[in-house]
Amino acid sequence: MASLLVCPPDYFTVAYEINPWMHLQKKVRQGKAAIQWKALEEIYRKLRVTLKVVRPVKGLPDMVFTANAGLVKGKIFIPSRFRHKERQGEEKYFIQWFKRNGYTVKLLPEGSVFEGAGDALFLDDTLFAGYHFRSDIHSHREVAKILPKVPVLSLELVDRRFYHLDTCFCPLGDGAAFYYPGAFDSYARKVLKENVKDLIEVAENEAIRFACNAVVVGKQVVMNSGCPKITRDLAKRGYTVHPSDTSEFMKAGGSAKCLTIRL
Ligand code: ARG
């Protein structure tokens with residue numbers, strides 16, 4: 001049974017700007033964010049996904065984006081080392097949660113810049129890792145040292161709107177994934193084409209609705225609403241999309257997938 005770690009949006013807001021989606025003038029409507037959050041919870045309940053909860057911390061508004069807690073592989077947890085000081089305060093709370101829940105915590109060397117499952121996604125046994133805007137490519141080598149059996153493929157991101165890999169690439173499993181090609185440099189696109197058997201393209205108008213920032217549980221896909229084309233392409237392959245409006249979270253540059261980390 002799938003289980004996801006989430007952090008409720010009690011203190012969620014846009015208090016600073018560290019990606020091009022964030023604008024201090026575009027205020028988060030807390031009540032609406034809470035309703036959108038409940039709707040996601042309801043979908044996971046129906047899909048029988050277990051939600052584990054890390055307690056939100058006042059003054060850490062982006063802690064809702066648990067994808068950036070770190071990278072989980074079995075019972076190993078590699079905590080993020082955030083690029084921006086605005087998010088570095090989250091590190092110790094995530095480490096605490098994973099320690100308390102029986103994970104072995106393996107730290108990356110000081111000075112590494114790595115933003116966890118926001119930038120590193122498993123497709124079957126291979127780790128696809130994004131770099132440039134938020135994670136440094138050097139961190140991939142350090143991750144590979146901690147996980148010596150895991151092949152790591154580094155992918156350069158080139159479009160600021162898609163600053164984390166999970167905003168433009170979504171593994172489905174069994175050699176399949178969907179992605180927005182414009183977010184990658186030409187070599188990264190080549191790496192993706194050579195290493196993903198069924199690589200499905202997402203159109204720009206749906207990519208900017210965070211279509212790729214989706215949570216895949218078996219054949220069920222939880223995605224921001226308003227992405228009909230990729231919904232059809234996934235349906236042809238036997239996947240059912242569960243649309244849910246995440247507009248308040250998009251004001252901070254995240255959608256369904258960023259709000260979770262797979263345990
Ligand atoms: N405001 C957050 C940040 O810029 C959003 C993080 C979204 N997370 C993700 N995994 N894409 O860090």
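On a predicted model such as this, the values are computed, not experimentally measured, just so you know. Worth knowing before you read on, the calculation uses all heavy atoms, side chains too, and leaves out hydrogens, waters and symmetry mates. First listed ligand is number 1; within each ligand, the first listed atom is number 1.
Ion pairing of D174 with K197 is absent here, as no side-chain N (NZ or NE/NH1/NH2) approaches a carboxylate O to less than 4.0 Å. Taking a cutoff of 4.0 Å between a charged side-chain nitrogen and a carboxylate oxygen, K149 and D125 do not qualify as a salt bridge. Salt bridge absent: K46 and E41 never bring a charged side-chain N and a carboxylate O closer than 4.0 Å. Contact check on K229 versus E206 returns no salt bridge, with no Lys/Arg side-chain nitrogen under 4.0 Å from an Asp/Glu carboxylate oxygen. At a threshold of 4.0 Å, the pair K38-E42 does not count as salt-bridged, since none of the basic side-chain nitrogens sits closer than that to a carboxylate oxygen.
Remark: distances from the non-hydrogen atoms of Y163 to ligand 1 include one below 4.0 Å. Residue contact check for ligand 1: R134 places a non-hydrogen atom closer than 4.0 Å to it.
Annotation for ligand 1: atoms under 4.0 Å from non-hydrogen atoms of G253 are 7 (C). Listed by number with element, the atoms of ligand 1 under 4.0 Å from a non-hydrogen atom of G118 are 10 (N). Each of the atoms 3 (C), 4 (O), 12 (O) of ligand 1 lies under 4.0 Å from some heavy atom of I18. Within ligand 1, the atoms closer than 4.0 Å to a non-hydrogen atom of R87 are 2 (C), 3 (C), 6 (C), 12 (O), numbered from 1 in the order shown. Listed by number with element, the atoms of ligand 1 under 4.0 Å from a non-hydrogen atom of A67 are 10 (N). Counting the atoms of ligand 1 from 1 in the order shown, those under 4.0 Å from a heavy atom of D62 are 1 (N), 2 (C), 3 (C).
Between N68 and ligand 1, at least one pair of N/O atoms sits closer than 3.5 Å. Considering backbone and side-chain N/O of A252, one or more are found under 3.5 Å from N/O of ligand 1.
For atom 9 (C) of ligand 1, the nearest non-hydrogen atom of the protein is C258 SG, 2.9 Å.
Side-chain contact check for N224 and T246: at least one donor-acceptor pair (N or O, by modelled atom type) lies under 3.5 Å. Using a 3.5 Å distance cut-off with no hydrogens or angles, the side chains of Q36 and S244 do not pair a donor with an acceptor. Between H164 and E115, the side chains place a donor N or O and an acceptor N or O closer than 3.5 Å (distance only, hydrogens not considered).
Put simply, the residue from F162, W21, F249, Y180 that forms a ring-ring contact (aromatic ring centres under 6.0 Å, His included) with F210 is W21.
Under 4.0 angstrom from ligand 1, there are no non-hydrogen atoms of E115. The part of M22 lying near ligand 1 is the side chain, judged by heavy-atom distances below 4.0 Å.
For atom 10 (N) of ligand 1, the nearest non-hydrogen atom from the set D166, N213, T167, N19 belongs to D166.
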